[in-house]
Amino acid sequence: MCGIVGYIGPRVAQEFLVEGLRRLEYRGYDSAGTATLNGDQSLNITKSVGRIASLAQEIASAPSNSGIGIGHTRWATHGAATISNAHPHVGGSQRLAIAHNGVIENFAELRSKLKSDGFEFLSETDTEVVAHLIAQCLDRRRESNSDQSAVQMAVDSIKESISQLRGTFGLAIIFSHIPDSIFAARLGSPLVIGVGDDEHFLASDAQPLVGYTDRIVYLADNQVAVLSADSLQVSHRDSGVVAHDVKHLDVESNQVDLEGFDHYMLKEIFEQPESLRNTMRGRLSEDMATAVFGGLNLTPQDLLKVKRIVFTACGTSWHSAMVGEYLIEEIAQIPVEVEYASELRYRNPPMDESTLIFAITQSGETADTLAALREMKRKGHSTMAICNVVGSSIAQDADGGIYLHAGPEIGVASTKAYTSQCMALVLLALYLGRLRHLSYNRGRKMIEAIRNVPDLVAKALQTSDAVLEIAKKYKDCENFLYLGRHYNFPTALEGALKLKEISYIHAEGYPAAEMKHGPIALVDENTPSVFVMPNGFIYEKVMSNLEEIKARRGPVIAIAAEGDTRVAEVADDVIYIPQTEEYLQPIVTAIPLQLLSYHIAVLRGCDVDKPRNLAKSVTVE
Ligand code: G6P
């Protein structure tokens, strides 16, 4: 959701900006633009609606060799996806160009004040307010304070302006009269700075920097940065210069290539044996028959005092949180609640000091999840993050947590991050269980089964061709039901979400037995039901639910364990997956469901990696 890039140095800025914006496409956007400085110190702004490819065409028709520039991909919030609403926006009669991620909550009152001060607005965006506000502050300072340097005056104007903003922002700004500096500021919306040799890069996440530099600075909230080719200065909004840590960016450049796959989503689906191994790496101890975590920052004594766990998350991560609920309650015997972050942040549930909070998030930037975590932290609870993106806002704000190490996930629909979340939760359940009543013997057995999961997932991936054939049969259906019970109920929800996200088919996930109380009314010859029903204690019950659907002429696709001949007699189509322990089934059963939605979406001609209206990382409320 919205992306920012910036460059200053000896390269042609536009080349980095376009490449950087391409790498941010996965976040979701509907328009894009760049601003560079011309030799005569005027702003050169190019914008387009739609894909980066059309922006690249616009730029190619009037290229600039400027070595300074900023770029943006916009996911519409205030105003439609139009050229005039696309960023960068210009403030104060071409004085500055600004790209903005986030939402300014008090934009309406600022806008009317700026209008009455004579500023003319060309867009409906909240961002243009920030552009004019900075221009206004700068004009006032120029009038009253002529002996300050241009850079210092710009920094002070930015600080004065952002103190008036309510909401969230990551800002990249260039000034027409300052050809050797880019300015950046953030509050609640991430920005990273890449440090090169005589060049600096700016971006809203690390992806655009990969292959350009492996030295990275994470800007913190309320910090303002000034980037020139050979220097970087960071200061706090309310004080002076602050030190900045240059960290090592640990991403292989080939992790963002398609490597022969047609889509990032398919590549990421097939990466799962490896991403799961990475989530498990170094975290299983046969000797102690438990899992080991380096970053929880809680002692076993602290954890023994935990009487209740609350998982909070959005979207797919909320589904893994539900898997976590089944896991922790059964294996560690700790009561668990799962809360949508968007609800938790405004609820006031009674929670005593023995409640531990876990925010689950791929990106670590989801606005609602971040807000819920902060609210729980404010109340004094220990907050943990289960997160994929290292150094993300949630990872930084939490008191401790578990990194997934699943690698960058580019496809908007989450796949490998989901299974890694489920794996991290299995390990957490083992760890918490072994602190309580889980025996050494049971711990060893669990480890044995867990170690086998990547191979089972590799086997489940071999169903891809068979799933494609099933996809061809059902691709034109407009409604799907996904049904499962116990550990496979969250899987049914996730399967339905995957299908609707990328193929725009209406799909509902339900606990298989609950479908009698409403969804069964939808069943007819054109509404397939996907039953997630590997072997387990609940198999017979699910089979009865399946029969109920068949009795109403509903087509059934079953996800079943290898060797299950019985299901083949009643279901129209069966996808066989390897058998495993029930608590590990959500990881294995997710695979054919991911493949089914992928193949259906491709057959329907949908843009799988960038589905309409969706964003990879939802940084607005
Ligand atoms: C968006 C994405 C989903 C994701 C959700 C939560 O809606 O499209 O794929 O599950 O945000 O994101 P998070 O990064 O917090 O897991």
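Treat the numbers as computed from the prediction; the structure is a model and nothing was measured. Start at 1 and go down the list; that is how both ligands and their atoms are numbered.
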Of the listed options Ala615, Cys314, Ser414, Gly315, closest to atom 2 (C) of ligand 1 (non-hydrogen atoms): Ala615

Nearest protein heavy atom with distance in Å, relative to atom 12 (O) of ligand 1: Thr366 OG1, 3.3 Å

Heavy atom of Ser617, distance to ligand 1 below 4.0 Å: no

Per-atom contacts of ligand 1 with Ser317, taking only distances under 4.0 Å to non-hydrogen atoms: 10 (O), 13 (P), 16 (O)

Ring centroid separation His486 to Tyr326 under 6.0 Å: yes

Atom indices of ligand 1 within 4.0 angstrom of Glu501 heavy atoms, with elements: 9 (O)

Element-labelled atoms of ligand 1 that are located less than 4.0 Å from some non-hydrogen atom of Val618: 1 (C), 7 (O)

Test of proximity, Gln421 against ligand 1: N or O pairs below 3.5 Å: no

Within the 6.0 Å centroid threshold, strictly below: His263 and Tyr598: yes

Leu614 touching ligand 1 at heavy-atom level, < 4.0 angstrom: no

Stepwise ring pair (Phe, Tyr, Trp, His ring centres under 6.0 Å) check, Tyr487 with Tyr583: CA-CA 7 Å; Tyr487 278 113; Tyr583 62 88; 7.1 Å; no

Sub-4.0 Å heavy-atom approach of Glu365 to ligand 1: no

Polar contact flag, side-chain donor to acceptor under 3.5 angstrom, Thr580-Gln585: no

Nearest protein heavy atom with distance in Å, relative to atom 10 (O) of ligand 1: Thr316 N, 2.9 Å

Derivation of the ring pair (Phe, Tyr, Trp, His ring centres under 6.0 Å) call for Tyr212 and Phe16: CA-CA 9 Å; Tyr212 289 94; Phe16 170 76; 4.9 Å; yes

Ring centre gap for Tyr418 and His319 strictly below 6.0 Å: no

Interfacing atoms of ligand 1 (cut-off 4.0 Å, heavy-atom, Lys616): 1 (C), 2 (C), 11 (O)

Shortest non-hydrogen separation from Glu268 to Lys416 and the atoms involved: O-CB, 3.7 Å

Atom 9 (O) of ligand 1 - nearest protein heavy atom and its distance: Val412 O, 3.2 Å

